[in-house]
Amino acid sequence: MNKYLIMGCCFMGLQLNAQTKKVSFVRNAKQQKVDVLIGDKPFTSFLYPDNLEKPILYPLQTASGLTVTRGFPLDKRGNERTDHPHHVGLWFNYESINGLDFWNNSYNIPAEKKSKYGWIRNVRVTALKDGAAKGTLNYIANWERQDRTALLKEATTFVFSGTDYTRTIDRTTTLTAQKDTVYFKDIKDGMLGIRVTRELELASDKEESYTDNNGIVTKIAPGKNGATGDYLTSAGKKGNDAWGTRANWCVLFGVKDQQQVSVAVIDHPKNPGYPTYWHARDYGLFAANPLGQAIFSKGKESMNLTLKPGESVTFRYRVVIASAIQQTPELLNKQAAEFGK
């Protein structure tokens with residue numbers, strides 16, 4: 001019997017016995033954060049401090065308490081990479097909006113170049129609702145130029161849930177153009193991104209260099225030590241072959257502290273560009289980018305999404321983090337079907 005089928009049967013059996021956990025929130029307005037608890041255990045925190053260029057969920061933990069996100073730059077852990085300081089936790093933004101780069105902005109950008117980068121700020125948490133089976137967090141924010149002129153108004157709803165083996169985030173984000181027409185140029189870096197822990201990276205023996213939209217180069221050293229990760233998409237692409245391909249879900253799985261862990265991202269049929277392209281790198285960046293079509297298709301497709309003042313676009317994603325046993329294609333197809341209803 002195929003290993004995925006065996007694992008699927010085991011996981012489905014565990015799922016039948018898994019108990020849905022209550023979800024609760026602890027808000028600290030002074031620190032600009034909201035802690036998310038599932039079954040009274042820490043899962044993640046919604047962070048939106050003024051000195052961070054975007055709101056994030058950080059860190060992300062499994063039901064068994066293992067952290068699946070990289071610590072840097074907020075927390076430095078031994079044996080972790082320290083590249084791309086804008087890769088932190090789970091976030092949502094884009095590399096080219098009216099020529100402004102929201103994706104690559106961080107404390108590392110020189111002051112003389114900062115005007116080329118956008119900033120998601122003026123974040124306000126508008127609602128929190130605990131629940132026996134799920135909890136919701138709503139916030140609004142502005143996607144701004146450095147002079148604080150808003151290009152987009154963001155309204156996001158997170159729905160958190162969990163069982164004995166899983167943690168799930170359903171994210172719905174609506175972006176509304178303000179006074180100017182907003183143009184999303186087809187480009188590589190976007191939109192829903194996660195930077196994962198060392199153990200979930202793919203083993204690599206080569207040095208690589210990546211250049212952002214403004215010419216800033218980041219070098220990535222080879223990484224083998226502790227890396228156990230691998231990608232699989234709904235289209236059957238594995239490992240590095242997942243990058244730049246379309247699929248309605250992608251899962252990254254590996255072993256941490258002798259325990260199987262996985263992070264799956266599921267696209268929604270109503271999203272622009274469905275099924276999304278996967279910007280899934282071996283060094284630990286795991287992202288869904290439906291808008292970079294010209295890049296990923298090598299010019300065969302294009303999108304160049306444009307919103308006139310007052311027009312909106314909505315993006316929906318499900319993130320499923322599992323521990324103790326691997327998620328399987330069968331299970332993820334069922335998750336995708338449920339999420340897409």
Side-chain angles (χ1 to χ4, degrees), residues 23-37 42-60 69-70 73-75 84-98 100-109 114-130 134-160 169-180 182 184 189-195 287-288 307 310 312-317 319:
V23 181
S24 58
F25 301 97
V26 178
R27 185 173 184 176
N28 188 324
K30 185 176 181 180
Q31 293 185 12
Q32 295 177 294
K33 76 169 186 172
V34 178
D35 295 328
V36 184
L37 307 178
F43 168 43
T44 189
S45 294
F46 177 62
L47 305 180
Y48 55 102
D50 294 332
N51 63 348
L52 198 62
E53 287 76 8
K54 56 186 173 289
I56 62 171
L57 293 177
Y58 173 91
L60 295 172
T69 42
R70 181 179 70 165
L74 300 186
D75 297 299
H84 292 94
H86 52 278
H87 291 172
V88 52
L90 172 66
W91 70 94
F92 181 88
N93 58 13
Y94 196 64
E95 186 181 1
S96 184
I97 300 175
N98 288 13
L100 288 177
D101 186 345
F102 284 81
W103 178 274
N104 289 287
N105 196 9
S106 76
Y107 67 82
N108 200 43
I109 301 301
K114 202 74 170 175
S115 63
K116 297 179 181 179
Y117 293 80
W119 199 307
I120 303 175
R121 53 190 165 192
N122 290 315
V123 178
R124 288 198 299 115
V125 176
T126 55
L128 292 171
K129 185 177 180 181
D130 298 356
K134 63 182 181 180
T136 58
L137 184 158
N138 297 73
Y139 77 86
I140 58 174
N142 292 335
W143 293 43
E144 300 179 352
R145 299 198 298 247
Q146 292 299 311
D147 65 4
R148 294 185 178 271
T149 299
L151 298 177
L152 294 161
K153 176 76 71 175
E154 174 185 344
T156 289
T157 297
F158 288 116
V159 179
F160 300 99
I169 305 163
D170 286 349
R171 175 179 185 134
T172 302
T173 293
T174 297
L175 302 176
T176 303
Q178 297 303 288
K179 295 181 179 179
D180 299 324
V182 176
F184 297 76
D189 286 331
M191 294 191 68
L192 182 78
I194 308 170
R195 185 62 191 262
L307 298 177
S312 298
V313 62
T314 298
F315 299 89
R316 304 167 180 86
Y317 296 98
V319 179

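Please read all numbers here as calculations on a predicted model, not as lab measurements.
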Short side-chain donor-acceptor distance under 3.5 Å, [Y] and [X]:
X    : Y    : result
Y58  : D75  : yes
R171 : T173 : yes
D147 : T149 : yes

Margin query: Does the plane of the ring in W103 sit parallel, tilted or perpendicular to the ring in H87? Use 30° and 60° as the thresholds.
Written below: perpendicular

Next item on the list: Take the angle between the ring planes of F92 and W143 and call it parallel below 30°, perpendicular above 60°, tilted in between.
Entry: perpendicular

Over all atoms of both residues, closest heavy-atom pair of [X] and [Y]:
X    : Y    : value
L175 : L307 : O-CD1, 3.9 Å
N51  : E53  : O-OE1, 3.9 Å
I120 : P55  : CG2-CD, 3.6 Å
P85  : P73  : O-CG, 3.4 Å
P59  : T44  : O-OG1, 2.6 Å
A177 : V182 : CB-CG2, 3.8 Å

Could you check whether any side-chain N or O of [X] sits under 3.5 Å from a backbone N or O of [Y], counting only pairs where one atom can act as donor and the other as acceptor?
X    : Y    : answer
Q31  : A29  : no
R195 : H84  : no
Q146 : Y117 : yes
S45  : L47  : no
N105 : H86  : no
S96  : D101 : no
N142 : A150 : no

Quick one: [atom1] on [X] to [atom2] on [Y], what's the gap to the nearest 0.5 Å?
X    : Y    : atom1 : atom2 : answer
N122 : D50  : CG    : CG    : 8.5 Å
N93  : I56  : CG    : CD1   : 11.0 Å
K33  : Y48  : NZ    : OH    : 11.0 Å
L152 : F102 : CG    : CZ    : 6.5 Å
W119 : E144 : CH2   : CD    : 10.0 Å
Q32  : R27  : CD    : CZ    : 10.5 Å

Note to self: Between V88 and K54, is the side chain to side chain contact (heavy atoms under 4.5 Å, CB included) condition met? List the steps.
What the structure shows: CA-CA 10 Å; V88 52; K54 56 186 173 289; 4.2 Å; yes

Notebook entry, point to check: Within a strict 4.5 Å, meaning less than it, do heavy atoms of the F158 and V34 side chains meet?
Noted result: no

Note to self: Does F43 form a side chain to side chain contact (heavy atoms under 4.5 Å, CB included) with L60? I'd like the steps, not just the answer.
What the structure shows: CA-CA 6 Å; F43 168 43; L60 295 172; 4.0 Å; yes

Notebook entry, point to check: Of the options T156, T157, T126, T172, which is the one that meets N138 in a side chain to side chain donor-acceptor pair (under 3.5 Å)?
Noted result: T157

Next item on the list: Begin with the C-alpha distance, continue with both residues' side-chain angles, and end with the deciding distance and a verdict on side chain to side chain contact (heavy atoms under 4.5 Å, CB included) for F25 and F46.
Entry: CA-CA 10 Å; F25 301 97; F46 177 62; over 6 Å; no

Notebook entry, point to check: Is the NZ atom of K129 crowded by more than 12 outside heavy atoms at less than 6.0 Å?
Noted result: no

Next item on the list: List the steps and the verdict of side chain to side chain contact (heavy atoms under 4.5 Å, CB included) for V319 and L192.
Entry: CA-CA 10 Å; V319 179; L192 182 78; 4.2 Å; yes

